[in-house]
Amino acid sequence: MSSTSQTATTALPSETSKMSGNIIAVAGAVAALVGFFLPWVGFIKNGALVASLSGVRVGASPVVELAGGNVLYRGSPAAYLVPIVAVIVIGLSLYAIFMRQQVAEGDGFVKIGLSLITLLVLWGQFARAQGVAERMGVELQLQYGLIMVLLALTAMIVAGVLDIRVAMAGNPAFRNVLNALSFMSPATFMVTIFFFIPVVLLLALSLTDLASSNFSDPWTFIGLENYRRMFSDRFFPRILANTIFYVVVTLGVFNVGMALVLALLTNHIPRRASFIFRLLWLLPRITPSVIYIVMWQRFVQVPPHGIINQFLGWFGVEHQPYWLNETPWLFVILVNGLVGASFGMIIFTSAIEAIPKDMITAAKVDGASAWQIIRDITMPMLRWPLLFVTSYQTLSLLVSFEYIMLLTNGGPGLYTTEVWALTSYKRALGTYFGSNQWGYGAAWGFVLVTIGAILSIVYLRVFRFDDLVQEPKIDVL
Amino acid sequence: MRVELENLTKRWGTVVGADAMNLDIKDGEFVAFLGPSGCGKTTTLLMVAGIYKPTDGDIRFDDKLVNRVAPKDRNIGMVFQSYALYPHMTVFKNISYPLKLQKVPMDAMQKRAQRVADMMGIGHLMDRKPAQLSGGQQQRVALGRALVKEPGLLLFDEPLSNLDARLRLSMRGEIKRLQMELGITSIYVTHDQIEAMTMADRIAVMMDGKLQAYDTPDELYDRPRTMFIGGFVGNPPMNFVEVEVVKSNGNFHARREGFDALVSPDRGAKAAGKGKVFLGIRPEDVTLADKGVSGEAYMVEPLGRDDLVEAQIGDIRVHVLTDPKLGIKIGDALKLDFNAEKIQFFDPETEQSLLW
């Protein structure tokens with residue numbers, strides 16, 4: 001134990017919990033040791049080729065080749081990690097217990113962090129070992145070992161938490177950092193689960209040749225081959241240009257431009273009327289995509305079905321084509337923009353209504369015309385909603401494809417209105433020439449995510465996000 | 001600039017904001033609109049500013065009808081309770097915004113804005129944003145913005161209500177002095193009767209959308225036309241006692257059970273023989289004496305300079321301002337002398353003064 005003579009006389013509360021932390025760590029270390037060796041028993045008992053969670057394997061197998069004696073599965077360097085991590089965890093526990101004087105605040109985090117990593121690695125290896133055992137027709141009895149290992153890891157985590165609490169009591173600065181982290185933790189958790197982990201998986205996937213034609217043998221690492229293939233695609237420049245055109249025009253004209261105009265206009269008409277108007281404008285957004293697109297297709301049909309053409313007919317216009325072939329981009333952008341504008345319209349409207357009435361009165365008295373009030377007062381105060389709508393809608397337009405897929409499916413002809421997200425979808429999941437190329441589609445997707453992330457940062461810089469966060473007010477007479 | 005309101009009315013459906021206001025404001029005069037919340041003072045002010053369109057009646061600036069003139073063309077400056085500064089603009093941009101809209105050249109604009117800011121004592125804060133200023137500084141910026149275009153009429157909408165008590169006191173003096181020096185006609189909306197009394201040349205007292213009285217502070221204080229004015233103007237408020245005025249031995253007495261106060265002949269004559277009337281008297285016009293109406297100290301509130309004593313006389317209570325040196329305590333027996341020259345009388349039905 002911590003072992004100086006003072007502990008005998010007065011054991012501070014922090015000392016006690018530090019001690020109990022170490023006792024738990026000892027228990028964890030013992031459980032880990034037991035847990036790592038128990039699986040051997042299961043394999044030996046079954047008289048099969050022996051594999052264990054520690055990755056050691058003996059004998060010959062029809063499925064798994066021996067390589068260096070320590071490989072559980074070919075092409076899996078992760079197998080080496082298990083014994084390494086086991087050694088580190090056990091070593092660290094011993095270190096934490098016997099060299100406590102030298103261990104700082106970090107030791108709790110190291111315990112927890114390593115426990116979590118071990119847990120992840122072990123989980124993967126366990127699943128893998130079970131797969132191997134199944135293919136070999138062997139019953140794998142790893143459950144008890146696994147339970148022991150999990151117990152050990154839990155104990156280590158508890159010990160880590162206790163260590164951190166002790167450190168907190170002794171170091172206010174450290175406590176501040178921890179407080180800040182704990183306030184961030186819900187957001188961090190969500191972003192990690194719903195963004196970082198999927199992105200990492202996407203990146204991993206994009207480096208493999210995973211496809212429906214070969215998914216019996218997954219995870220073959222092929223480096224940047226998918227990316228090379230993507231950038232050398234004959235239609236790559238076309239798709240890139242289409243995407244930029246689609247995003248910029250839809251965003252500028254509709255999602256931000258038209259939304260702003262609608263918000264400003266509805267702000268100047270009676271409340272009830274503007275409410276009904278906004279409600280009507282939201283209708284397409286709550287209409288199922290397929291129905292919405294079917295409606296549009298009725299609009300653009302050739303006579304006698306097409307509504308536009310019928311309308312043109314009344315004015316004696318002879319030219320009555322299938323409008324989707326005539327001006328595909330016009331309709332792709334209209335279809336997306338008319339729905340997209342409602343989002344910005346709602347955000348801008350509430351932002352405009354939040355501007356204090358006095359401020360508008362003050363501007364009127366100062367001599368501003370309606371247009372000058374919009375330009376000098378309303379617009380600058382909409383900077384934050386403008387940033388939000390612009391960046392949010394850029395990102396959603398970049399990844400949106402379902403309206404395009406339903407309306408033109410990238411046509412007419414080859415890649416006329418095909419955008420990046422649609423390509424990614426078709427490669428990865430669309431039944432496209434009979435093959436789902438998950439790895440290749442992931443490469444397209446990953447580049448798109450990267451572009452989106454870079455754009456977000458650029459937006460934050462351009463709109464000077466820091467300035468938008470109000471400084472605390474210090475009231476002095 | 002001279003301002004005339006004639007029969008000015010604002011209605012929203014059945015809700016009446018302002019009801020047939022008649023008011024004239026002389027050039028250079030400082031007029032306060034005084035009244036409790038919802039009395040129509042801000043509604044009237046916003047009609048003068050041109051933000052609200054009158055339902056009925058006329059507004060004239062220097063004999064020119066301005067009912068249909070847009071706020072920007074009325075040559076007015078306005079100061080708000082909320083300051084209403086533009087948060088994204090610096091102090092300089094806030095103050096110079098009216099000049100920018102008038103297309104004043106940059107150097108002239110800078111000179112004028114700086115002069116006004118110096119006058120307001122915020123000349124060194126020109127590059128700050130409103131959020132970086134204290135409440136008092138923000139209100140100075142708002143004043144500067146209202147003054148910079150040298151308006152013919154200044155409108156104040158409870159400008160000091162958001163400031164703390166001490167600052168309110170000093171700003172009160174500053175605004176008054178500034179207004180006198182610049183000689184700009186001003187309308188000042190407030191619910192604080194002390195503000196109105198101390199600053200205004202004339203006070204328009206309003207209630208329920210109606211103009212109750214329009215007079216100088218002294219007149220309102222000494223000759224209240226209605227019970228509402230008597231009760232609203234002055235702090236602590238006027239005492240009201242239901243009495244009957246009778247003449248006996250050539251003197252007029254205001255009497256009720258356990259209450260008998262001598263009244264000056266000219267005042268008493270107007271209330272005598274009217275049956276029950278309301279006697280009004282201000283706490284400072286009741287003094288402690290050796291003889292007079294007997295009462296008992298029901299409550300004593302030390303105010304520092306004075307003690308405010310609530311005296312129980314029979315079944316009524318009257319507020320009296322006394323010298324703290326007397327050391328009146330709750331339960332002490334008191335003799336009260338009512339100043340015969342200061343007693344007011346009101347008709348209990350109409351609440352109109354019987355004297356004025």
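Quick note on labels: first sequence line is chain A, next is B, and so on, each numbered from 1. Hydrogens, waters and symmetry mates are skipped; everything else that's a heavy atom, side chains included, is used.
- Neither the backbone nor the side chain of B:K129 comes within contact range of chain A, judged by heavy atoms closer than 4.5 Å.
- Between B:E195 and B:R172 there is no salt bridge, since none of the side-chain N atoms of the basic residue sits less than 4.0 Å from a carboxylate O of the acidic one.
- For B:I76, the parts lying near chain A are the backbone and the side chain together; criterion is any non-hydrogen pair under 4.5 Å.
- When heavy atoms are compared at a cutoff of 4.5 Å, B:L163 does not approach chain A at all.
- Two residues are said to be in side-chain contact when any heavy atoms from C-beta on lie closer than 4.5 Å; B:N162 and B:Y83 meet this criterion.
- Ring-centre distance between B:Y97 and B:Y86: below the 6.0 Å cut-off.
- If you check the side chains of A:S369 and A:Q372, you find a donor sitting under 3.5 Å from an acceptor.
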